[in-house]
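The sequence lines fix the lettering, A, B, ..., with proteins before strands; numbering per chain opens at 1. Everything numeric here is computed off the predicted structure, so don't read it as measured data.
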Protein chains: 4
Amino acid sequence: MAYFRYGTVAYRKWAQVSESSGVGRPRDVRRDVAMHEAALALLTEVGYDQLSIEAIAARAGVAKTTIYRRYRDKAALVAAAVEQRQGSAPPEPGGGGLRENLLAVVRWLAREIAEQEIGVLGALFAGMRGDPRLAEEMRRILRRDQTAMTDRLRGEELAPGAAELFAEVAPGVIVHRIVFAGQRCDDRFVRHVVDDILLPLLRKGIRT
Amino acid sequence: MAYFRYGTVAYRKWAQVSESSGVGRPRDVRRDVAMHEAALALLTEVGYDQLSIEAIAARAGVAKTTIYRRYRDKAALVAAAVEQRQGSAPPEPGGGGLRENLLAVVRWLAREIAEQEIGVLGALFAGMRGDPRLAEEMRRILRRDQTAMTDRLRGEELAPGAAELFAEVAPGVIVHRIVFAGQRCDDRFVRHVVDDILLPLLRKGIRT
Amino acid sequence: MAYFRYGTVAYRKWAQVSESSGVGRPRDVRRDVAMHEAALALLTEVGYDQLSIEAIAARAGVAKTTIYRRYRDKAALVAAAVEQRQGSAPPEPGGGGLRENLLAVVRWLAREIAEQEIGVLGALFAGMRGDPRLAEEMRRILRRDQTAMTDRLRGEELAPGAAELFAEVAPGVIVHRIVFAGQRCDDRFVRHVVDDILLPLLRKGIRT
Amino acid sequence: MAYFRYGTVAYRKWAQVSESSGVGRPRDVRRDVAMHEAALALLTEVGYDQLSIEAIAARAGVAKTTIYRRYRDKAALVAAAVEQRQGSAPPEPGGGGLRENLLAVVRWLAREIAEQEIGVLGALFAGMRGDPRLAEEMRRILRRDQTAMTDRLRGEELAPGAAELFAEVAPGVIVHRIVFAGQRCDDRFVRHVVDDILLPLLRKGIRT
DNA sequence: AAATAACCGAGACGGTACGTCAAGTCTTGAG
DNA sequence: CTCAAGACTTGACGTACCGTCTCGGTTATTT
C-alpha cells in the first residue's frame, strides 16, 4: 500500500499532480471528470455538508475506492473539482478609464462568488481546521483568480499598492454582502462599491 | 406528537421562544443553558463540522431527545447558542480622537470574529440552504453586534453614512484576512486596516 | 407515593380491584373503559408487540401517566382489558345430538381464538417470563372461558372425563392450526376436528 | 447499493441462502456463527422481547451494522439462528411396538418444545403479524421437525392418515399444556397423551 | 510472451452519528 | 389528595456514511 510513516501516524501519499511512477496501470482520466462533475452537481443540489462521498461515487458511476485512492477526503475532492472547473476569465481591460475597468472587474467578481464559490467556502471552512495544508491549497485556488484579476488593474492612474488593496477589500465586501447581509449583488451595489469604496482608496493622489 | 402536516411532509412545531401552552411540565431552562454552553465550548474545540449533537448532549448532561425536542438540527442549536451568548460589548468611545476609537473597535471586532463568529459562519453555511429562515436569523444575530458596534462611531469628525460604510467594509476585510488569507489579525494588521482603508473612507472632507 | 421497598427495588402497589383508600379525588371509571377499548382495538389492529402504551393513551384520549398509575406495564393493561371484555358466551346446548353441539362449540371457540385470544397469546408469551403472577392471571382468564364452555358438554352420551379431555385437546389443535400452520379455521376444518378428533375421543363406548 | 425498487419504497435484498454474486469482498461465515450463537444464548436467557440487537452484537463481537446488513430485523435474525441450529433428531423407531414408539417421540417432542422452542414461539408470534414472509419461514422451520418426526411413525399398525393427525394434535396439546396450563410435561403427562389421546386416534381398527 | 505493478468495481467490515420512538419517571397546575 | 399534560432520561431502533480492507479482474509497462 502507498503508506508511509510520519511520527506515529500513517499517511497516504496523495498525488499533487499525478506522481505516476510510470509503472502499473495508469489512472483513467475520465474517472476524474466524472467525479468532478458529480461533485459539482451535488454540491449545488444539496450543499456542502450534505454532500457525501457515497453519493458522489454513485452519481459518477465510480467505486468508492477509486475516490479514496485519489483524494484524502471530501474537502480535497471538492477542492480539486472546483479547481479544475472552467472559471470564466476576468474581463480584459477595455479602453475605458479606471472606473469602467473597476466596474467590469467587480461585476465579474460578484457573479463568480455568488454563483460558484459558495461551495468552496464550505469546503474551506470544513477543511481548514485539522488540515492546514488543505486550507492552504484552497486558498491558493482562491488566489489564482485574484492575481489574474488584479493584473487587469496595474498601471494607469493607480496609487502604489492599489492592486493588493483591491484584493484585500473587494472580495471581503462582496462576500459580506452575500453571506452576512444575504442580499444580491445587483448593479446598484456594484456601482456603490466602486464609487464609494474602491475609487477613493485606489485612485492616485487621493491619499496623502 | 407535536407534528402537523404541511404539504406532504410532517413538520414538528418548534418553539420560537417558548410556545408553552401553560399546561404540562414546563421546560427546564437550565437545560437550555447547559446545551448552549456545551455547544459553544465544543464549537471552539473541534469546529463546526466535527460538532456532533451526540457530543453536545453528553457534555451538557442532557438526553439527545431533549435537544431534538427544542431544535430542529445542529444549525438551529448553534444559532440559539450563539444568540444567547454573552457577546462582549464593543469598547466605549474613549476620550481619544477618531483614529483611537477606530483602532479600539477594529481590534475588538477582529478578536470577536476570530474567536467566536467563526463557528457561526459554519452554521450559516450549513444551514442557509434548506432553511432560509434560519439563515435570516443568523444574519440578524450578526447584524445585532454590528449595529451595537457602529453606534460607537457616530458623531465626531465622520462623513455622513460613515457608520454604514464601516459596517460594510470592516467585517468583510477581517473575515477575508482570517478565512481566505489564513492569517492572524495582529496589531499591525489592525493599524493597516484603520490607516489605509477605514480612515480614508470615513474621514469627513477626504472624499469629494 | 404508593411505593414500598422490597430488597433494593421500589415497587408500586397496584390495585387488584380499586384499592381506593377513600381519600383524594376518586378515579374516573370512564378512563378505564376508554383505555380498555383502545387497547383491544389496537390489539387486533397492529398485534401485541406493535402495541404501544403511547398509542393506547392517544387513542383513549388519556394521559400516559394515567395508564401507568393503574397498570404496571403493557401486559398488565392488556390483561385487564381482556378480562373486562365482553366475551361472547359459548352457545347454549341446542336440541341436537352430541355432534351438533360439538360443532357449535368448536366453531365458536375457533372464532373466539382467531379474533381475540390471539392478542392475549402475545401478552402471555411476553409477560410470562419475568412475571409469573401475571402469566398465572392470564391463564386464569383463559380457563374461565374454557370451563364455561365445557359446561355445555356435560351429560349426554359422553365418556367420563370427556369435558376435561375436550379442554385439553380442542384449543391446542385450533391454536396449532392458526399459529403454526397459518391457516384459517373454516367450516371444513371445524368438521374435521369434530369428526376425526373429538368424537372418537369423547364418545362413550368408543374407548375400551 | 444492494437496493431495488418495489412500488415506491426501496428494499434491500436480503440473502435467503447466500446470494453472493461473487463480486466484492465475501462475507465472513464466522460472523454468522457468532451471531447465531449469541442470539440463541440470549434468547433463552432473557426471552424474545427483552432480546436486543445491541446485546447480540456485543455478545457476538460483531458490529451492529453487520447484523443489519444481513437481517432485516430481530425476528429475521432469530429465525435464521433457529433454523441453523442443530435440532436434536427425533429418536429412531426402536424395536418396541407402536406405544413404545409414540412414547419416545412424544417425550422427545415435549422436551424439544419445553426447553427451546419457547423463545421461537415468542419470535414467531411477534413477527408473524407484520411480516407474513417471516411467519411462513418460521412455519417452515417448525414443519421441518414435524416431518422428520412423523416419518418415525409410518407403516406399522396405523390407521391411514395417522401421521398427519399426529402432527396436528400432538404439538398443539403439548403447547397447550406448557403455555396455557403452565404445567410441566412430566412422564405422567406423556403417558396420558399417548394412552388417552394419541393411541385411540391413530390405532388401526379403532375408528370405523 | 510473461511478469509486474497499479488501477478498478464491488462490497464486507467496524465505527460514529443520525433522527425517531417507546418506556417509564418526574414536575407542574388544576379540580 | 388525584388527575392530566407534558418534559425528561434512558436506551433500542434502523439508516447513512465514513474510511479501510479484501477480493477478482483489468490494463499498461517492463523484463
Can you find a pair of side-chain heavy atoms, one from [X] and one from [Y], that are under 4.5 Å apart?
X        : Y        : result
Val33(D) : His36(D) : no
Arg27(B) : Arg69(B) : yes
Arg70(B) : Met35(B) : yes

Partner set under side-chain contact (heavy atoms from CB on, under 4.5 Å) for [X], not counting sequence neighbours:
X        : value
Ala55(C) : Leu42(C), Ser52(C)
Ala58(C) : none
Ala38(C) : Ile56(C), Arg59(C), Ala60(C)

- Query: Say you draw a straight line from OH of Tyr68(C) to CG of Asp73(C); how long is it, rounded to the nearest 0.5 Å?
  - Reply: 8.0 Å

Phosphate oxygens OP1/OP2 of [N]: is one of them under 4.0 Å from a side-chain N or O of [X]?
X        : N       : value
Arg69(A) : dA6(E)  : no
Arg31(B) : dA7(F)  : no
Arg72(D) : dT15(F) : no

Nearest-Å distance for atom pair [atom1]/[atom2], residues [X] and [N]:
X        : N       : atom1 : atom2 : value
Ile67(B) : dT9(F)  : CD1   : C1'   : 13 Å
Asp73(C) : dT25(E) : CG    : C1'   : 15 Å
Leu77(B) : dA17(E) : CG    : C1'   : 15 Å
Tyr68(A) : dA10(E) : OH    : P     : 17 Å
Asp32(B) : dC8(F)  : CG    : C1'   : 13 Å
Gln50(A) : dC17(F) : CD    : C1'   : 11 Å
Leu42(C) : dA22(E) : CG    : P     : 12 Å
Ile56(D) : dC13(F) : CD1   : C1'   : 13 Å

- Note on the structure: Quick note, Arg27(D) side chain, CB onward, closest among dC8(E), dC13(E), dC3(F) is dC13(E)

- Message: Any donor-acceptor pair, under 3.5 Å, between the side chain of Arg25(B) and the base of dC26(E), if you only look at N and O atoms?
- Response: yes

- Item | Residue list, salt bridge (Lys or Arg N to Asp or Glu O under 4.0 Å) with Lys64(C), at least two apart or on another chain |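 Lys64(C) satisfies salt bridge (Lys or Arg N to Asp or Glu O under 4.0 Å) with Glu54(C) once adjacent residues are dropped.
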
- List in chain and number order the residues that pass salt bridge (Lys or Arg N to Asp or Glu O under 4.0 Å) with Arg25(D), two or more places apart in sequence or in another chain; answer none if no residue qualifies.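 Here no residue qualifies.
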
Do any N or O atoms of the protein come closer than 3.5 Å to N or O atoms of nucleotides 10-12 of chain F, and which pairs are they?
{"unit_1": "dT10(F)", "atom_1": "O4", "unit_2": "Thr65(B)", "atom_2": "OG1", "d": "3.2"}

- Item | 5' priority, DNA chain F, between Lys74(D) and Pro26(B) [closest heavy atom] | Pro26(B)

- Per-helix bend value, the helix from dA1(E)-dT31(F) to dG31(E)-dC1(F), C1' rotation axes over five pairs per end, 10° rounding, shows 10°

- Query: Closest nucleotide of DNA chain E for Asp28(D) versus for Gly61(A): which of these residues is on the 5' side?
  - Reply: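 Here Gly61(A) is the residue nearer the 5' end.
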
